[in-house]
Amino acid sequence: MTRYAKVRFPSALPQLDKEFDYSIPDGLELEFGQLVNVPFGPKKDNKVGIVVELSSDSEFSSKASSIESISCSIPLLTKSQLDLAFAVAQRQAGSVGELLSQILPKRLKRAEAAYAARNETFSGLEAKPLIENELLSHKRVFASFDYKVEPNGYPAWAKEIALLGAWQLGRGQSTLIVAPDYRAVEALEVAIDALGFSNYSIRHESSDTGSVRYTNYLRALDEVAINYGVRSASFAPAKNLGLIVLIDDGDESHIEQSAPYWNSRDVLLQRQEIEKAAMLVTSYSPSADMVRLVELGYFKKAELVQAKPMTRVTDNHTRLDDESFGFISSCLRAGKPVLIQTATLGQATGVACRNCRELRECPECSGRIWIDASGKFRCRSCLFSGPIGACSCGGVDVSIIKLGSSGLAESLAKGFPEAQIVHSSGAEKITRVASGATLVIATNGAEPFVDGGYSCVLIADAYSMVAGSRLRSLEQSALRWANAASLVSQQGLVIFVGLTGLIADQAKQFDFYSMIQADYTDRVELGLPPAQRLLSISSTSQADLNDLTAETLNSDVANYLRKLPASGNQIAFTYPYAQGNQVATTLIELSMKISNKSKFRKPGQRLFRISMDDASVL
DNA sequence: AGCACGCCGACT
DNA sequence: GTCGGCGTGCTC
């Protein structure tokens, strides 16, 4: 009797996003997840597909061609990866095929031939991770670790997470750790190595060479191991997955920039359900999304933080007070390192009202305003350019001022000629600096590690970071502050410059959870993310966008959608979580229909950009 | 994506 | 009367 295989193609084309049936030639043994060459299209060219089902009959039996050959005998896709692709495609209104093309590794024949599975299994570990009981009893846990630096300069959380991985190995299970950036990946790697587990760990890192990446993918398919990497590792295979760890889930680097615009948190939450694993989300300051999940009771908040650094908050954002200046001075004189966190490096200038002296803000996004070479007002955060009108005090005259951070950094640098000045921004990839009388000026998220930690961490731009009026400004800022603060030494001091009111008090107590919780409560009242989800649709064709908007508002999901003010060729709606699947299904259907008959669709380019969770709109 | 099918204008 | 334009639609 003829047997059939259902095959999917790793392709972003929506028309190919379904299963195709092929008959299996006699004598050919197939397995789920194998790559096969199949004839496809009018010319019956060979195309590589993935076996996703084996069956004894097919409704296409008359049309079905026969599988040409096996392209890769190692099954490269697991059933849970396919389930995850389905779940994510459904949630994000995307296609399974485009996710498969993101998930599957680039094959390298030589690496494949050289690969040999190791049979060594790990046995026994006496490790007792901090959070073991919570994970065993609650399965899904949110926690912040101590603000503590190891003697080698790496943060203590990395060691705790490595310990969790080792503990899982002792139980015969894999761990998957997803970190926001290469800095965190390095900290994890060092911590895993220090425990003596590098042989049982697998790094999933896109900056590795192709053969290393592919070999690591193959290893992950059949070794129980500690898997770790950045965002893309969310889809990496993991044998017998017992624990998922997500670090800094609110960090923007966890958002995939290509369709279907998934983020690590959403993917891993679904993966946790599919693979029945435990899950730990950890960050010093929570995302509003995690606050929501804790309030829903879906996540359990574990109380772990015991060590908090000393803090000092100043309310003047234009200059540093004498006491803080004196403290930094004494640190540098004593040969101890100091970290200054700024929003931007270099000669940042701003525009202030000549009457009331307040900083002027962008009329579009409240970002920082500067004056370009042609004398026009421009915004540093958005594309705004043009007149900014009168100040809220009525004043129209402005003066150009040098802003706090760089001015501060500069004056500190001048004040301490003996200090070595190190600049670190995202572009420079400095992960470590030497201890000593070093003044490190780093942009958000680019703070290097230093042996023993910094004696002083100065959050120089707290004022302007909080002043941003984007929905996620406070969340993003608090995460940056908390992460910088976590690099301070035991007797060190954290100084927040220019904070006032409740936020100043919460920062002083390192109570970022309450800070974000209050922020989240406001958003619940306003029905804004993450209390509701936010959908955005844009298109190169305004006419087709109008069509899709009209048809969507005519469909059965219209009642769940609340339209937000449109900006340019983008429309946005908020909608409840419960109707997410329905909204996604409707959008896939309607966008396909309109796209198919559109005169404006360009080959190889999709007509609509649909994001089911767009963080950039508000 | 390819590629064929199909229905309208300028050519031996 | 045919060659070929690329709009429309399918690929198991």
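Just so we're on the same page: letters track the sequence lines, and every chain starts at 1. The figures that follow rest on heavy atoms only: side chains count, while hydrogens, waters and symmetry mates do not.
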Would you check if there is a donor-acceptor pair between the side chains of A:Glu112 and A:Tyr214 at a distance under 3.5 Å?
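Note: A:Tyr214 and A:Glu112 side chains meet the donor-acceptor criterion.
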Distance only, no hydrogens: is a donor on one side chain within 3.5 Å (strictly under) of an acceptor on the other, for A:Ser598 and A:Asp544?
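A pair is found: one side chain offers a donor N or O, the other an acceptor, under 3.5 Å apart.
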Please determine, for the side chain of [X], which listed nucleotide ([options]) has the closest atom?
| X | options | value |
| --- | --- | --- |
| A:Ala64 | B:dA4, C:dC12, B:dA1 | C:dC12 |
| A:Lys43 | B:dC3, B:dA1, C:dC12 | B:dC3 |
| A:Lys44 | C:dC12, B:dA1, B:dG2 | C:dC12 |

Would you please confirm or rule out a distance under 4.0 Å between OP1 or OP2 of C:dT11 and any side-chain N or O of A:Lys63?
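Yes, within the criterion.
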Looking at A:Arg470, A:Arg292, A:Arg480, A:Arg523, which hits salt bridge (Lys or Arg N to Asp or Glu O under 4.0 Å) with A:Glu475?
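Going through the options one by one, the only one that passes is A:Arg523.
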Under 4.0 angstrom, heavy atoms only, what part of the nucleic acid is [X] near: base, sugar-phosphate, or nothing?
| X | value |
| --- | --- |
| A:Gln15 | base |
| A:Asn596 | nothing |
| A:Lys18 | base |
| A:Tyr22 | sugar-phosphate |

A:Asp613/A:Arg533 ion pair, N-O < 4.0 Å:
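Salt bridge between A:Asp613 and A:Arg533, a charged N being under 4.0 Å from a carboxylate O: yes.
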Are the charged groups of A:Arg472 and A:Asp289 less than 4.0 angstrom apart, N to O?
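Result for this pair is yes, salt bridge flagged.
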Whole angstrom is fine here: how far is it from [atom1] in [X] over to [atom2] in [N]?
| X | N | atom1 | atom2 | answer |
| --- | --- | --- | --- | --- |
| A:Asn46 | B:dG2 | CG | C1' | 15 Å |
| A:Ile67 | C:dT11 | CD1 | P | 18 Å |
| A:Lys597 | C:dT8 | NZ | C1' | 14 Å |
| A:Glu59 | C:dT11 | CD | P | 13 Å |
| A:Phe9 | C:dC10 | CZ | C1' | 13 Å |
| A:Ile50 | C:dC12 | CD1 | C1' | 16 Å |
| A:Asp17 | B:dA1 | CG | P | 14 Å |
| A:Asp45 | B:dG2 | CG | C1' | 8 Å |

